Amino acid sequence: MDRDVVVVGAGFGGINALHVLREQGLDAVLLERADGVGGTWYWNRYPGARVDIESMEYSYGFSDELQQEWSWSERYAGQPEVRRYLDWVTDRLGLRDHMRFSTPVTGASWSESARRWRVRAGDSETYEARFLVLATGFLSAPVLPDIPGLPGFGGDLVHTAAWPADGVELAGRRVGVIGTAASGVQVIQEIASVVERLTVFQRTANWCFPLRNRPMDPGYEAFVKANYPEIRRLARETPGPGAVLMDGRIVPTDRRSALEATSAERVAAFEWRWNAGGVHMGRSFGDLITSEAANDELRRFLEPKIRSLVHDQETAARLIPDHRPLTRRPPGESGYYEAFNRDNVELVDLREEPIGSVGPSGVRLAGGREIGLDVLVCATGFDSGTGAVLRIDVRGRDGVGLGEHWADGARVHLGIMTTRFPNLFLVNGPQSPAVHFSPPVLADFQSRHIGALIGRLGPSGVVEPREDAQDEWVAHLGALYDKTLIPKTDSWWTAANVPGKPRQVLNYAGSFASYARRAGRALDGLAAYVVR
Ligand code: NA7
């Protein structure tokens, strides 16, 4: 089966890439391990899973028809609705016939003589294609904690990103949740009132911001639809994370220093965003993530909020993070802090009482306390950025493996291409703006960049990034992160969450406008590429 392009992954990125490349006249097929579309939104079926960028923004902007036709039922859509949306887009764009489901890609190797990728999928299928696009997701390789005895747990053991399609019985059962970041917070607040007893195992507290989700207001929907060109433009041009919708208005980032504002102005700005809802507190001022003094002001605002929401002040103290606000992905919450006011919810701080082991009937803490459990939920995150691509055996020129090539850390020019892997492209991958930006918007930009690059190669050209362009890009990422407070905190943003993984900068933290300019310059005369 010889094609122009094989795309891997039917999430936001892969669907977008398939559409763009097919529109360009390329014969492209998409391979997906699941039995339907959705990617992240297929697998993360845990109770409470929902977006925390407003759905009217966290959606495709490349077609005005699509964005006008679709109606979201809530301000922040839940996982089932996001999946329905991606199903609808797939059919609306006529893409389903070009997708092969239940087809996990296990390997791909470049043949220099054929100038083609040979892709191995499923049990014994092979696809040949000139170009390979890996849209396998930034957060799609789940990681289970390395706790002695975990596999021997006798109840239901489940990772949030591998939630069974037919659900897990929770009502009236004793449930433990390990992990208190974005996924853990969502699952904890959702199930606290359903389960008999909930034990939350927290290693690191996070600064959570109230989401204030609500049903879609028809007037608001009409306002956004009428203003989509402006909203999409601002999302691309505004420095920092692209979200611009807030409290029913279009709100660009305030670039002022938090320290220039008077104390009353500062608190009013924080308070307004806190009440408006969403995870974009960082956009209240221009320097919250670069200046320790400005960041301290935000911490001073947030601490009393947690103390006022949680009745027991010892529990509140445990829920107040040690790290600086905004230096990790802030979870959006809806009743998370209040969940700890319930009699059936207990917070176990693993820094005081580490888990010793897991046995058939529950968790044994290092101090000897036994916690009996029927269900153990691991909301323990992902091998971010590189995990999903490295789980495929990808071999480039001279048979070099991607894992070997990236042994000291990934190096990915614009987050799209890496040297020695000709005609291989990543969408929403490592070292791209995926994390600090809106993935659907980035997916479209990158898909079009890839399409433009392919279009300039002629009928048989082979392309790789120039080594110096890639080095310059990776150095630029590091320089941008070094201007922020982020590198001082451990998390998946800094690749510090998986034991043994090289700590490195996996994200582009500049503005999307600068990213787009750099990508444009790279394409200009193919300045950043070697073409043969
Ligand atoms: P994250 O953000 O990686 O969070 C994982 C959580 O699990 C976090 O609280 C971790 O604590 C905790 N964790 C991981 N391993 C362990 C062990 N061994 N013991 C105890 N606790 C552990 O993943 P999420 O799924 O919540 O969110 C990922 C992104 O998906 C999210 O930001 C959105 O963009 C969508 P730690 O902080 O490492 O101490």
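Read the numbers this way: they start at 1 and go in the same order the structure lists the ligands and their atoms. These numbers were taken from a predicted model, which means no experiment stands behind them.
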Salt bridge (Lys or Arg N to Asp or Glu O under 4.0 Å) pairs, two or more places apart, involving residues 143-163: D156-R173

Pair S438-E57, side-chain donor/acceptor within less than 3.5 Å: no

Residue pairs, two or more places apart or on separate chains, that pass salt bridge (Lys or Arg N to Asp or Glu O under 4.0 Å) and touch residues 360-371: E346-R369, E353-R369, R364-E370

Test item: side-chain donor near acceptor, Y515 and Q446, under 3.5 Å: yes

Partner set under side-chain hydrogen bond (donor to acceptor under 3.5 Å, both in side chains) for D322, not counting sequence neighbours: R351

First-shell residues of ligand 1 [heavy atom, distance under 4.0 Å]: L139, P145, I178, G179, T180, A181, A182, S183, R203, T204, R328, R329, L350, A379, T380, G381, F382, W492

Check: Q431/Y508 side-chain N/O donor and acceptor closer than 3.5 Å: no

